[in-house]
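Both counts, for ligands and for their atoms, begin at 1 and track the order of listing. Remember, it's a predicted structure, so these values are computed and weren't measured experimentally. The figures here come from the full heavy-atom set of this structure, side chains too, leaving out hydrogens, waters and symmetry mates.
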Amino acid sequence: MSKDFCQNFEILNAPYLPYECDALNPHITPNTLFFHFEKHHKGYQTNLEKLLSDDDKKLSLKDIILKAQKEKNTAVFNNAAQVWNHNFYWFSMKKDGGGEPEGQLRKWIDRDFGSFIAFKEAFVTGGKTQFGSGWVWLVYNEKSEKLEVVKTGNADTPITDKLYPLITCDVWEHAYYLDFQNRRPDYLDKFMDHLVNWDFASCRLLHI
Ligand code: FE
């Protein structure tokens, strides 16, 4: 996988779905994916465009997020971060994903979590215990030089904490309610067993 592919979303300033709405069926149904992308994700973009000045529209999405955080502009931050987080989420999944990672990523998961099973438990528990809406992430912490599981509430994103995301799972109810109703743990298990895109995470790790 090329650097361009795995970092594509960094230059995406607008919602981008890298596959068709039926690609993740039956684990995430086309109905869920359609509403999630077309209504929720694109809705954040529509809101963002109304809030940005012409000068700010020339910035990258990441710079818009960092500037809004610095200026404590909550409305811009929330909408911009949600566009970025969702782009990252789509790339974190693929058709026939799941399984276990290989290579350097696997070595580092074993080193920092003890085993792949322990990592999986930490990720699923992180998603289950995020109170209310938010996200669970596997990140590379550039300070500690270790992989970590972190969770963020609402629109918050690890990129503002100098953490480098490798994988995320959206645990807002809109991500799973049509398919799983209140069963967030079942959605997280499906994500891990059938959807997570380890090729993407490995590529990200190679190009830190
Ligand atoms: Fe979402």
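For a distance bound of 2.8 Å, the N, O or S atoms of His40 include none lying that close to the Fe ion (ligand 1). Among the atoms of His41, none of the N, O or S atoms falls under 2.8 Å from the Fe ion (ligand 1).
For the pair OD2 of Asp170 and NE2 of His86, the angle at the Fe ion (ligand 1) is about 100°; rounding is to 10 degrees. Here the angle at the Fe ion (ligand 1) defined by NE2 in His36 and NE2 in His174 stands at 100°, rounded to 10 degrees.
Linking ILVMFWY residues whenever their side-chain heavy atoms come closer than 4.5 Å, directly or via other members, places Tyr164 and Phe123 in the same cluster.
Salt-bridge formation is detected for the pair Asp193/Lys120: a Lys NZ or Arg NE/NH1/NH2 atom is positioned less than 4.0 Å from an Asp or Glu carboxylate oxygen. One finds no salt bridge joining Glu102 and Arg106 here, because no Lys/Arg side-chain nitrogen approaches an Asp/Glu carboxylate oxygen to under 4.0 Å.
Within a 6.0 Å radius of CD in Glu20, no more than 12 heavy atoms belonging to other residues, nucleotides or ligands are found.
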